[in-house]
Structures are given as C-alpha cells and as structure tokens.
Amino acid sequence: MSITAAGTGAPSAWRLILGRGGIPGHGSGAISPAVFDAAPGALNMAIDEALLESVQLGGPPVVRFYTWEPACLSLGRNQAARDLYDAERAAAAGIDIVRRPTGGLAVLHDRELTYCVLAPLAALGGPRAAYAAINAALVAGLRGLGLPVEQAVGAARRGPLHSDRAPCFRTAAAGEVVAGGRKLVGSAQRCERGALLQHGSILLSGSQARVADLHAAGPAELPEANGSVTLEELMGGELPVTALVEALRGGFELTFGTRLAPGRLAQRESARAEQLAVRYQAAEWTWRR
Amino acid sequence: MADVPADLLYTEEHEYLKKTGDAGVYQVGITDYAQGELGDVVYVELPSVGESFARKDVFGTVEAVKAVSDLYCPISGEIVEVNTSLADDPGQVNSDPYGAGWMVKIRISDEGEVDTLLGPEEYGKHVG
C-alpha cells in the first residue's frame, strides 16, 4: 500500500489552481472572483485525480480551491450509499450526487469552498503527518482572518465504516478543524503510488442538515447537537471567497515554507480530466455500494 | 518500533507474504508499520476468490478514517481465500496484522518472483 515513497522533499514553489484551472493567475498573483468558475461534482473529482497523476509523474505539489455547481452530495469511496441516499429525491432538490476517490462519509457541497492538496507522500511524511500538516495550514490561514479555530482532539477508536451512517459533518475526527468543538472543515484522503490527494469542504453558510433530506427512508431526524459550523456564523456575516482563498494561501505558504504560484491546468491534465469525468458520472461507480 | 517478524517476506509498499501449510499458497496483509501509519482501519476492500493479479497490481484498498490507500499485490497469482471477517471487524488489521488481520491467500504463479521481495532486515531498514 502507498504510505511512503522515495523523494527529495518539497520543491521551492507549489502550484495554485483555482476553479476549473482554465484561467491563469493575474500579474501579481492576486485572485480575482472571475477565476472561480464552479464545476459539477464529476468534473471536480476528475480534475483532482488528473492533478494527482501529475504528482505521481514527478510534478510539484498542487493546492487547488474550487466550488460546485450544481450543489452536490459527495460520497466517500467505500461508503455504503445504495440503501441510504435517494437519487430521485436529490434530483428533485436540484442536488447532484458523486462518489469521491477519497474515504470518509457524505458531504453536501453547497455554499462552501473546497480545497485540495496533491503532493508526494514523502514531502509530507506519510498520510497521518500529511493530515495534521494540511489541517495546521488551514488553521493558520483561518486564524489569519481572526477566527477561533483549532484542531479537534483525539476521539475513541472508530468502528467499521458500515456502522457509521451519519454524514461527514456530524462529528469531528481527531485533527479536523473545529471552532468551539463544531466542525468547520471536513477532509478526506487518497494515497496512491507515492502521492497523496487530500481534499476538504470549508463551510461558508447554509446547513449540512439538508443531507438528511436525501435519505432513502425519508428525512431523518436531525441530530440533537449541530455538529457543524459555518464561516458566516463565526464571522457574523458573509466573507468573500477571494478573501478566504488569500488567507488560506497564506496559511499553506507559512506552514509548508513555500510559495503558491497561480497557474492553470496543463493541456494533458485538462484532457485527462475530461476522460476521468466520464467515470465519475457513471452510475456503476456512484452506486457501487 | 514496528514489529517485523523474521519469518516473513515484505514489499516496499508495506505488504507482507507469509507461507501457509499449503505448498505455493501464501497469506498476504499489510505490515505492522503500515497499520500504524494509517491509523484506525474502518474498511478493507478485497477481491473475490478466483481473481488473478500480477505483481504490483492493485488488488484492493484499505480505508482508515478518511484515508483510502491502494493494496498492491506482492506476487503474481490467484486469490484462493479472502478474510471475510474484516467486513465486520476491520480493526483486526490494526490489532493483529500478521494473524487475524490477514487479507487474502494467494496461490503464486511464479516462484521466481519470491526473490524480488525484501527480507526482514531489508524491510526493517526501509521503515527505519
């Protein structure tokens, strides 16, 4: 299995990709709202996987920030979903469904910002060290906005995946980004051939409780405690996505001692993402379990 | 310090190979070092009996609280048995990776490939 790899450590600059990755960074590297062209779930997952392949081929680490249109429920790679979520109910609500390449549980991507880190495992010290470091970078960035965030403390041993039917944001795993014990960022990983993909959802506004509306058995009762929190609640108002991205970019640059250089997808990556998007759209993949 | 039993063979990708009582049939799983690096295992995706894999083919995945990792077949052969108990108790991979946490048994197709694997000393150096 892929948890370590030979490598020479992190290069001096990482790539920064925004949205669909089709628009280059502007002169000074400032981020314009125009670059945030949201994409459907299948294309977003395909772009993440195409970038993972670039890292496996020896490319530099990448940080990508993106949004989703339409709203989308993403399932964990191994999550049992066939008897749990209702595709028709989701379609009626205008919500797409996609199965991620990464582990974990269901996340509703609506009024949120997703981050993705692609890097050689050796540069990040293995999956658990990477998880801690990436979450530390997110905390550093969010604290730069004055937010009272921290990483959750360790919890009791998790049971088998099939015994956990709650969505991702119901509870925080050790190391995840929380504010006042409530989860602000939910993340998941995939390790493949010496490279790591970690992506996660940063809640801007709205409610993850809508996930319950998509249950096949009908709307589930809401949990007694609201396990998640949004940036809007913490800041008492809306934060422009560009300001959030600049803050997080600073957190990554500080934590990893690097520079995030804005750029676009290479031609090969764009073409590969188009191919991979077909698999992510396929019902055989989405409803494999 | 990770446990590296002296009677097993290993891969750089942190799988191990263990002889069984049947000639040509080996038990495969992930090493103690690997389970420690992963954390709590919550799901193991395994192939079916009868499937064949070449050396280094992906034969399954292991998920540990959010992180999915591929499992690479250490040696070419056919799957003859799968550890179905991992469906209900994947934590066995953490608590007993060389015993109850075994993943598949494989009937190897090329004994010569055994020479490509790492001995306990080499693997011990690999994981530091």
Side-chain angles (χ1 to χ4, degrees), chain A residues 1-6 52 56 76-80 99-105 107 121 124-132 134-135 152 154-164 168 171-176 185-200 288-289, chain B residues 2 10-16 28-46 56-74 83-95 97 101 103-104 118 123-128:
Chain A
M1 47 157 307
S2 190
I3 56 176
T4 56
L52 179 66
Q56 290 167 350
R77 186 191 189 282
N78 297 314
Q79 179 177 12
R99 185 176 289 273
R100 302 187 301 267
T102 53
L105 300 166
V107 175
L121 270 166
L124 299 179
R128 290 170 83 180
Y131 196 72
I134 291 168
N135 281 327
R157 193 192 198 289
R158 296 287 288 266
L161 189 65
H162 66 75
S163 68
D164 197 344
C168 171
T171 54
E176 290 197 296
V185 185
S187 301
Q189 280 187 353
R190 174 165 180 77
C191 302
E192 184 185 297
R193 304 214 182 266
L196 169 108
L197 184 171
Q198 178 168 323
H199 53 201
R288 62 192 285 268
R289 295 195 76 230
Chain B
Y10 302 88
T11 69
E12 288 184 352
E13 291 80 28
H14 310 289
E15 286 84 15
Y16 71 82
V28 175
I30 64 170
T31 65
D32 184 46
Y33 173 84
Q35 69 79 21
E37 284 295 304
L38 279 177
D40 293 346
V41 173
V42 297
Y43 182 78
V44 186
E45 179 183 19
L46 295 175
K56 299 206 175 182
D57 279 353
V58 173
F59 73 90
T61 66
V62 56
E63 179 167 344
V65 192
K66 314 302 189 73
V68 173
S69 293
D70 287 339
L71 297 166
Y72 301 102
C73 200
N83 187 353
T84 55
S85 78
L86 293 182
D88 288 327
D89 190 3
Q92 294 174 103
V93 174
N94 297 117
S95 58
M103 293 184 175
V104 298
L118 305 178
Y123 181 68
K125 286 181 187 165
H126 178 58
V127 300

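Proteins get letters first, then strands, A, B, ... in listed order; numbering begins at 1 in each. For clarity, every value in this text was computed on a predicted model and none was experimentally measured.
Chain A forms the most heavy-atom pairs under 4.5 Å with one residue out of V62(B), T61(B), L71(B), and that residue is T61(B). Each of E15(B), E63(B), K56(B) has some count of heavy-atom pairs under 4.5 Å with chain A, and the biggest count is that of E63(B).
The backbone N or O of R193(A) sits less than 3.5 Å from a side-chain atom of Y72(B), completing a donor-acceptor pair. Checked by atom type and distance alone, the side chain of E37(B) never pairs as donor or acceptor with a backbone atom of R128(A) at under 3.5 Å.
Of all non-hydrogen atoms in T102(A) and V68(B), the two that sit nearest each other are C-CG2, 3.8 Å.
Ion pair E45(B)/R288(A) flagged as a salt bridge, since at least one NZ, NE, NH1 or NH2 atom sits closer than 4.0 Å to an Asp/Glu carboxylate oxygen.
Contact annotation for V127(B): neither backbone nor side-chain heavy atoms come within less than 4.5 Å of a heavy atom of chain A.
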